[in-house]
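The next block holds one structure in the form of structure tokens; read it before the comments.
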Amino acid sequence: ESTLGAAAAQSGRYFGVAIAANRLSDSTYASIANREFNSVTAENEMKIDATEPQRGQFNFTNADRIYNWAVQNGKEVRGHTLAWHSQQPGWMQSLGGSALRQAMIDHINGVMAHYKGKIAQWDVVNEAFADGNSGARRDSNLERSGSDWIEVAFRTARAADPSAKLCYNDYNVENWTWAKTQAMYRMVKDFKQRGVPIDCVGFQSHFNSGSPYNSNFRTTLQEFAALGVDVAITELDIQGASPTTYAAVVNDCLAVSRCLGVTVWGVRDMDSWRSGDTPLLFNNDGSKKQAYSAVLNALNAG
Ligand code: G3I
């Protein structure tokens, strides 16, 4: 196959991309995105601050721009994200305790109702674990509202849209030996044992010199899959875009039957949240980088 999406589809997987609504009018951007990818994540437009800027007043203008573009072009959509310490609107930042808990529940219900039956996977909870070696939860207003906030979010989400796969999503959880990875593993294991509804784990996979790719990523994917959840690579970008590292990540997904697919976090380097790292698959002029060919070859070989 000659595109990433079609190549991934040979093994029943998708190859996705993060889309920014305000770039869809850039014809180079939109034509690459449409040609190469068969899954879409909104880079910012489905987040809490975007979708509920005032409490109880939902705004899906930019989220729907991306959703409609994706569906009109035959792509599935990953929802990102419903409960997160970051990109909270001001009104939510100032809440705590039971008021915040209720606001989180209302937010999940409001957004998931709008997209009921339309989203392949939702990142229900994003980035709840602390960085470093503590293995602890990240401190946030959500965590201080009671550490059961994560399972409450998942139970709320299951009831709101039973057809969506419900994911927990985080970064620096790709290396099996890291404390953060092990903490996330213990949570997912506990959720599966207690029947908390979780279907998938998203590994963001923002690789750079501080958190480099390690070949034990495949072990991580296998260990989580063995708990009975699907896994996905949800925000892939690699500082410097090494072709061999890109191919290794794709091969890790292909090696795990429960790996649903790969999403890269932007189209061209200039579209990246860390454009100085030139971490993506396309040059700014829209041409394909060496990493693109490495990924395409890996998908076609797998
Ligand atoms: O929309 C405003 C605009 O009105 C304003 O003029 C402009 C001025 O700074 O800011 C715009 O908002 C920015 C937004 O991106 C849209 O471009 C924010 O400042 C900026 O902080 C925001 O960054 C996003 C970041 O999440 C915020 O946490 C990045 O685009 C986005 O790529 C990044 O994505 C995250 C994932 O959601 C979770 N995992 C990590 C990943 C990378 O940080």
Side-chain angles (χ1 to χ4, degrees), residues 16-26 29 33 37 39-54 59-67 77-90 92-93 107-108 111 119 121-132 137-142 150 153 166-175 178 180-181 184 200-213 231-239 241 249 262-282 284:
V17 66
I19 292 290
N22 62 11
R23 297 200 183 221
L24 285 173
S25 54
D26 175 334
Y29 177 93
F37 302 99
S39 171
V40 159
T41 305
E43 188 176 0
N44 289 294
E45 292 80 353
M46 293 191 188
K47 292 173 179 174
I48 314 172
D49 57 352
T51 52
E52 196 178 357
Q54 304 297 329
N59 183 337
F60 298 105
T61 306
N62 287 323
D64 282 348
R65 219 167 257 166
I66 293 176
Y67 176 83
V77 178
R78 292 193 84 256
H80 175 79
T81 179
L82 296 167
W84 191 21
H85 69 278
S86 179
Q87 282 178 282
Q88 293 182 1
M92 185 180 277
Q93 290 176 34
H107 180 77
I108 293 169
V111 176
I119 300 290
Q121 308 167 31
W122 262 114
D123 289 334
V124 176
V125 171
N126 197 39
E127 301 174 2
F129 286 96
D131 293 314
R137 293 282 186 82
R138 176 192 298 277
D139 181 48
S140 71
N141 60 348
L142 288 162
I150 300 178
L166 306 181
C167 304
Y168 176 82
N169 190 55
D170 215 327
Y171 66 89
N172 287 0
V173 290
E174 296 79 17
N175 188 321
W178 285 16
K180 192 172 173 182
T181 310
M184 181 173 80
C200 37
V201 174
F203 297 83
Q204 293 184 12
S205 306
H206 295 292
F207 295 116
N208 59 25
S209 50
S211 54
Y213 170 77
V231 295
I233 294 168
T234 53
E235 304 183 13
L236 178 62
D237 52 22
I238 302 170
Q239 183 179 37
V249 173
V262 177
T263 298
V264 288
W265 206 240
V267 179
R268 303 159 299 187
D269 286 331
M270 62 185 281
D271 305 314
S272 171
W273 68 295
R274 46 180 205 183
S275 54
D277 286 352
T278 59
L280 294 175
L281 300 179
F282 293 88
N284 293 346

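Atoms within a ligand are numbered from 1 in the order they appear, just like the ligands themselves.
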Could you check R138 against D170 for salt bridge (Lys or Arg N to Asp or Glu O under 4.0 Å), going step by step and ending with a plain yes or no?
CA-CA 11 Å; R138 176 192 298 277; D170 215 327; 5.1 Å; no

Chi angles and distances behind the side-chain hydrogen bond (donor to acceptor under 3.5 Å, both in side chains) call for N126, N169:
CA-CA 5 Å; N126 197 39; N169 190 55; 2.9 Å; yes

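- Between the H85 side chain and the D139 main chain, no donor and acceptor come within less than 3.5 Å of each other.
- In this model, no donor atom of one side chain and acceptor atom of the other lie less than 3.5 Å apart for T61 and D64.
- At distances below 3.5 Å, not a single donor-acceptor pair connects side-chain atoms of S211 with backbone N or O atoms of N172.
- For the pairing with F207, the ring-ring contact (aromatic ring centres under 6.0 Å, His included) check across Y171, Y213, W265 returns one residue only, Y213.
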Please produce the table of protein N or O atoms sitting under 3.5 Å from N or O atoms belonging to ligand 1, one pair a line, distance to 0.1 Å.
from: ligand 1; atom 1: 26 (O); to: K47; atom 2: NZ; distance (Å): 3.1
from: ligand 1; atom 1: 28 (O); to: Q87; atom 2: OE1; distance (Å): 3.0
from: ligand 1; atom 1: 30 (O); to: E43; atom 2: OE2; distance (Å): 3.3
from: ligand 1; atom 1: 30 (O); to: N44; atom 2: ND2; distance (Å): 2.9
from: ligand 1; atom 1: 32 (O); to: E43; atom 2: OE2; distance (Å): 2.4
from: ligand 1; atom 1: 32 (O); to: W265; atom 2: NE1; distance (Å): 3.0
from: ligand 1; atom 1: 34 (O); to: W265; atom 2: NE1; distance (Å): 3.3
from: ligand 1; atom 1: 37 (O); to: K47; atom 2: NZ; distance (Å): 2.6
from: ligand 1; atom 1: 37 (O); to: H80; atom 2: NE2; distance (Å): 2.7
from: ligand 1; atom 1: 39 (N); to: E127; atom 2: OE2; distance (Å): 2.8
from: ligand 1; atom 1: 39 (N); to: Q204; atom 2: OE1; distance (Å): 2.9
from: ligand 1; atom 1: 39 (N); to: Q204; atom 2: NE2; distance (Å): 3.4
from: ligand 1; atom 1: 39 (N); to: E235; atom 2: OE1; distance (Å): 2.7
from: ligand 1; atom 1: 39 (N); to: E235; atom 2: OE2; distance (Å): 3.4

